[in-house]
Every structure is written in C-alpha cells, then in structure tokens.
2 protein chains.
Amino acid sequence: MKLSTKGRYGLRAVLDLAVHADDEAVALSQIAERQGISINYLEQLIAKLKRAGIVTSIRGAQGGYMLAAPADEISVGDILRALEGDLSPVDCSIVNSNEGNCDNADSCVTKYVWKRISDSINDAVDAIKLAELVAESKKVQAEVGMTDPKAKQTCGK
Amino acid sequence: MKLSTKGRYGLRAVLDLAVHADDEAVALSQIAERQGISINYLEQLIAKLKRAGIVTSIRGAQGGYMLAAPADEISVGDILRALEGDLSPVDCSIVNSNEGNCDNADSCVTKYVWKRISDSINDAVDAIKLAELVAESKKVQAEVGMTDPKAKQTCGK
DNA sequence: AGTATAACCAAGTAAATTAATAGGAATTAA
DNA sequence: TTAATTCCTATTAATTTACTTGGTTATACT
C-alpha cells in the first residue's frame with residue numbers, strides 16, 4: 001500500500017517545475033540536480049506527465065518543460081494518477097469482475113471496502129491543488145533562508 | 001499503491017470467520033476452502049492477525065480460530081494494518097527523517113501531502129466495523145439464496 | 001495409549017515489479 | 001555546425017510478492 005518512487009519523485013519534480021517556472025522552460029537536468037534524482041529516471045516520469053497533459057515540452061537547446069495549465073488548475077490527484085496509474089487499493093478488474101464473485105458473499109462485500117478507500121484517497125488528493133504546494137514551498141524556503149540552520153528540524157516531523 | 005493479497009485475502013478470511021462463528025472455533029481449512037485460498041498461505045496471514053490480537057486460537061483436534069473481540073469492536077483498519085503494516089502511502093521513515101530534508105523545500109512540502117493521504121485512508125478504514133460487513137454479507141447471501149442465478153450480476157459492479 | 005486433527009513455525013523459490021542504467025536518435029537555439 | 005536538450009527503447013539489478021515445502025507441537029476423541 002505504498003506509493004512508488006514514481007509518485008514521490010514525480011510530485012517533487014512537478015512542484016520544482018512550478019516553483020522555478022518564470023515563463024521560461026525548465027530543463028530536466030536542472031530539476032534532476034535540485035531534487036537529487038537521476039535524470040534518466042526522471043525522463044521516464046516526466047514522459048508520463050506529458051502524456052497526461054500536465055506538462056508541455058520544448059525540444060532542442062534552451063528547451064525544457066512547462067506546466068500545461070496554471071498551478072491552481074492542477075491537482076495532486078491529477079499528478080499522482082498520471083504517475084502511478086489508478087489510485088484504487090485494488091485493480092479495477094478485481095472490483096468489476098469476479099475474483100470470487102457473488103458465489104462468495106464475502107468477496108462481494110469487501111469490494112465495498114475497497115471502493116470506500118479508493119474514494120477517500122481520490123477525494124483527498126483532488127482537494128490539494130499544486131498552487132497550494134507552490135505557496136507552501138516558497139514559504140518554507142523563505143523561513144529556512146532567514147533562520148539559522150538548526151531551524152530545519154521544525155520541518156521534519 | 002495497491003493492497004497485496006495479504007490485505008485482500010486476510011480481510012475476507014476474518015469476515016468468513018466472523019460470519020461462521022457460533023462460539024465454536026473455526027478451522028483454517030474450512031475458511032481456506034470456502035474462500036478458495038491456499039491454507040498454507042492463509043496460515044501466514046492469520047498468524048499476523050493473531051499477533052495483532054484480532055483473533056485467538058485453540059490448538060489441537062477440534063481447534064481453530066475465533067475473533068478476539070465482538071465484531072463491532074474490530075475495525076477494518078485494525079485488520080488491514082495487522083496484515084499490511086502501516087497504511088501510509090510512504091514509509092514513516094521517509095516522513096520523519098530526511099530523505100531530502102528541508103534543504104529541499106519541495107521534499108518538505110510533499111510530506112504534508114503524504115500525511116493527508118495517510119489520514120484519509122486511516123479515517124476511512126477505521127470507520128468501517130467488521131460487524132457492518134458481517135451484516136452486509138448475511139444480507140447478500142440471503143439475496144442470492146432467494147433469487148435465480150442471474151441475480152448475481154447485480155452485485156458485481 | 002494411539003491416532004487423527006489441527007495450530008504453529010521456518011526456509012526456500014518462482015514470478016513479478018520496481019528502480020534504475022545505458023545508449024543513442026531527433027530537434028533546435030546560438 | 002555545435003552544444004544542449006527532449007525523446008525513445010532496451011537491459012539489468014534488486015526487491016517484493018505470493019506462494020510452497022516440510023516439518024513440530026498440542027489436544028480431542030476413540
């Protein structure tokens with residue numbers, strides 16, 4: 001029941017992109033370096049984001065990536081689903097088809113459990129817009145900048 | 001972001017146990033057969049449930065398993081956490097320690113996302129009591145019993 | 001007392017998935 | 001023309017999952 005590095009790295013990458021975008025395209029190498037993620041791996045993640053229409057790209061020298069929409073129109077849910085696929089705790093095929101269909105009442109009933117988990121996850125991530133994270137990120141950055149190094153710890157937990 | 005068969009089979013097994021318990025212990029072999037799960041594998045799952053204090057066992061001939069508490073005092077959350085471990089979308093160690101600590105504001109901010117997902121999952125599963133599922137299961141069973149075979153389909157989706 | 005039934009335990013294994021790595025082709029600004 | 005960059009595909013190492021195997025211990029029943 002864990003997100004893979006796709007979701008973890010990928011969300012950070014999009015956030016980095018959103019924070020550092022000044023209507024110039026941002027090169028993947030910059031994101032990779034700032035976030036400490038292998039550029040080759042990040043390439044695969046951003047490809048998913050592009051396919052999902054979350055980012056656009058400009059090829060060639062001075063090229064890079066940009067958000068395809070304003071940060072307040074992109075939800076964390078959009079991003080995570082693009083990276084991880086469906087966020088349901090079981091495969092749709094299990095819910096829809098008959099891995100122990102109603103011959104087995106218990107299988108049937110547990111499907112409602114999976115549905116409720118799935119809905120709660122999707123509601124949670126759809127409620128968080130990228131813009132919120134950008135604002136929070138800039139705030140944190142500012143705080144760290146103005147206090148002494150030990151202040152970092154307040155953020156950990 | 002998927003539950004493993006541990007959670008899926010295990011919840012079904014506990015539900016089966018709850019449905020078929022008439023203050024007699026239920027043998028694992030019966031649960032395994034009814035649910036179509038390998039008994040050897042199920043053994044490993046029920047061991048987790050026992051360690052977590054969700055079921056108790058009686059050894060020897062005529063032995064078996066019983067719920068350790070009334071079904072309305074056991075939540076689906078208790079069961080799934082026993083089987084799957086922590087239901088957070090990332091390892092606690094990532095949230096607590098510094099996989100890119102606040103040197104990297106973005107890592108710092110995404111931790112709040114993981115926390116919100118985690119809370120929503122746990123709230124959802126803790127709100128569902130085993131007793132609810134037992135009632136639902138008995139209802140479904142009754143429905144299937146009294147209608148023709150084709151009625152099964154209403155349950156699938 | 002003997003036997004069948006059951007829980008309990010530990011180790012091994014095959015398949016799948018994850019998390020990368022590697023190497024190059026296509027595109028474009030300078 | 002060159003350097004920077006996206007884009008694409010294939011391979012690989014490590015990890016995790018989903019079992020299987022082969023026992024042992026405990027206990028009711030005869």
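Convention: sequence-line order gives letters A, B, ...; per-chain numbering from 1.
Distance Tyr9(A) OH to dT21(C) P: 9 Å, rounded to the nearest Å. The nearest whole Å value for the distance from the CD1 atom in Ile39(B) to the P atom in dT21(D) is 14 Å. The distance between atom CG of Leu45(B) and atom C1' of dC19(D), rounded to the nearest whole Å, is 10 Å. Rounded to an integer number of Å, the gap from Glu24(A) CD to dA30(C) P is 10 Å. Distance NZ (Lys48(B)) to C1' (dC19(D)): 14 Å, rounded to an integer number of Å. The distance from atom CD of Glu84(A) to atom C1' of dT17(C) is 12 Å, rounded to the nearest whole Å. Atom CG in Leu42(B) sits about 11 Å away from atom P in dC19(D), given to the nearest Å. In this structure, Leu3(B) atom CG and dT16(D) atom P are separated by 17 Å, rounded to whole Å.
Side-chain atoms of Arg8(A) and Thr110(B) include no donor-acceptor pair closer than 3.5 Å. Looking at Ser57(A) and Lys50(A), their side chains do bring a donor and an acceptor atom within 3.5 Å of each other. Inspection of the Ser120(A) and Asp123(A) side chains reveals no N or O donor paired with an N or O acceptor under 3.5 Å. Side chains of Tyr41(A) and Thr5(A): a donor on one and an acceptor on the other come within 3.5 Å.
Listed nucleotides dA19(C), dT27(C), dA7(C) differ in distance to Arg59(B); the shortest reach to its side chain belongs to dA7(C). Minimum atom distance to the side chain of Gln44(B) is reached by dT20(D), of the listed dA7(C), dT20(D), dG23(C). When distances are taken from the side chain of Ser38(B) to each of dT20(D), dT21(C), dT5(D), the shortest belongs to dT20(D). Closest approach to the Asn40(B) side chain among dT5(D), dA18(D), dT20(D) is made by dT20(D) (side chain taken as heavy atoms from C-beta onward). Listed nucleotides: dC19(D), dC8(C), dC7(D). Nearest to the side chain of Glu43(A): dC7(D). Among the nucleotides dC8(C), dA3(D), dT6(D), the one closest to the side chain of Ala61(A) is dA3(D).
Side-chain nitrogen and oxygen atoms of Tyr65(B) include at least one within less than 4.0 Å of the OP1 or OP2 phosphate oxygen of dC8(C). One finds no side-chain N or O of Ser57(B) lying less than 4.0 angstrom from the OP1 or OP2 phosphate oxygen of dA7(C).
Backbone-only engagement by Lys50(A) is indicated by non-hydrogen atom pairs under 4.0 Å involving sugar-phosphate atoms exclusively. Nucleic acid contact class of Ile46(A) (heavy atoms, under 4.0 Å, all strands): none.
The CD1 atom of Ile121(B) sits 11.0 Å away from atom CZ of Arg81(B), with the distance rounded to the nearest 0.5 Å.
The 5' end of DNA chain D is approached more closely, in terms of each residue's nearest nucleotide, by Ser29(A) than by the other of Lys6(B) and Ser29(A). Along DNA chain C, the nucleotide closest to Ser4(A) and the one closest to Ile58(A) are compared, and the more 5′ of them pairs with Ser4(A).
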